[in-house]
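Data first, discussion second: the structure below is written as structure tokens.
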Amino acid sequence: MIRILLAEDDQAMRVYLERALERAGYSVTAVDRGTAALPLIEQERFDLLLTDIVMPEMDGIELAQRAGAIAPDMRVMFITGFAAVTLKAGKAVPQAKVLSKPFHLRDLVLEVDRLFDIGSASGLN
């Protein structure tokens, strides 16, 4: 099973994304900030880091860069509601996918499926 580490400071969004990804068949570990994600990356193996960019303590870009040093094979996808930081993320972590808020849960699941060459996102209508 593909394991996703979700870092999102907004509780409602975090719960929403976690449930949608679990319904789509992914194993999800969710944290509320980047500083909480780093120890998990050091201790466990994740296939994908799905992180908000704008968060307190450590932004998603710094988290992705640090995570890349710890787990270079882990893929990264950013989610953000700020268009300006999308450009910054693309320059800082060029191999990462950036998904801009608002997005439909189906779009998120389809993007994750694409990252791992999985078929259609069933169960999200």
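Count residues from 1 along the sequence.
With respect to the salt-bridge test (charged N to carboxylate O, under 4.0 angstrom), the residues E22 and R19 do not qualify. No salt bridge links R33 with E8; every basic N to acidic carboxylate O contact stays at or beyond 4.0 Å.
Shortest non-hydrogen contact noted between L38 and A67 is CD2-N, 4.3 Å. For the pair A7 and M55, the tightest heavy-atom approach, listed with the atom from each and the gap, is O-SD, 3.7 Å.
Contact annotation: the side chain of L48 approaches that of M77 to within less than 4.5 Å [non-hydrogen atoms, C-beta and beyond]. At a threshold of 4.5 Å between non-hydrogen side-chain atoms, the residues F78 and L50 do not count as touching. Between L40 and T29 there is a side-chain heavy-atom pair separated by less than 4.5 Å. For the pair V109/L21, a side-chain contact is recorded, criterion being any heavy-atom separation below 4.5 Å from C-beta on. L63 has its side chain within reach of L49: a pair of non-hydrogen atoms, C-beta onward, lies under 4.5 Å apart. For the pair D47/I4, no side-chain contact is recorded, criterion being any heavy-atom separation below 4.5 Å from C-beta on. Between I41 and M74, the closest side-chain pair of non-hydrogen atoms falls below 4.5 Å. Counting heavy atoms from C-beta on, the side chains of L17 and L108 come closer than 4.5 Å.
Dense packing is recorded around CD of Q43, with more than 12 heavy atoms of other residues, nucleotides or ligands lying under 6.0 Å away. For Y16, the OH atom sits in a loose shell: 12 or fewer heavy atoms of surrounding residues, nucleotides or ligands are nearer than 6.0 Å.
Under the 4.5 Å side-chain heavy-atom criterion for grouping Ile, Leu, Val, Met, Phe, Trp and Tyr, V31 is connected to I70 within one hydrophobic cluster. By the criterion of side-chain heavy atoms lying less than 4.5 angstrom apart, applied directly or through intervening Ile, Leu, Val, Met, Phe, Trp or Tyr residues, F116 is grouped together with L105 in one hydrophobic cluster.
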| task | Take T80 and V98, measure what side-chain contact (heavy atoms from CB on, under 4.5 Å) needs, and give me the verdict at the end. | result | CA-CA 8 Å; T80 185; V98 180; 4.2 Å; yes

| message | Please evaluate residues D52 and D9 with respect to the criterion side-chain contact (heavy atoms from CB on, under 4.5 Å), reporting the C-alpha separation (whole Å), side-chain torsions for both, the decisive distance (0.1 Å), and the verdict. | response | CA-CA 8 Å; D52 191 5; D9 62 317; 3.1 Å; yes

| task | Please lay out, stage by stage, how I61 and I53 fare under the test side-chain contact (heavy atoms from CB on, under 4.5 Å). | result | CA-CA 6 Å; I61 295 170; I53 294 177; 4.0 Å; yes

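To the nearest 0.5 Å, atoms CD (E57) and OG1 (T35) are separated by 3.5 Å.
When only modelled atom types and interatomic distance are considered, D113 and Y26 share a side-chain donor-acceptor pair under 3.5 Å.
Annotation: salt bridge (Lys or Arg N to Asp or Glu O under 4.0 Å) contacts of R14 (sequence neighbours excluded): none.
Pairs passing the salt bridge (charged side-chain N to carboxylate O under 4.0 Å, His left out) check and including a residue from residues 63-74, sequence neighbours excluded, read E62-R66.
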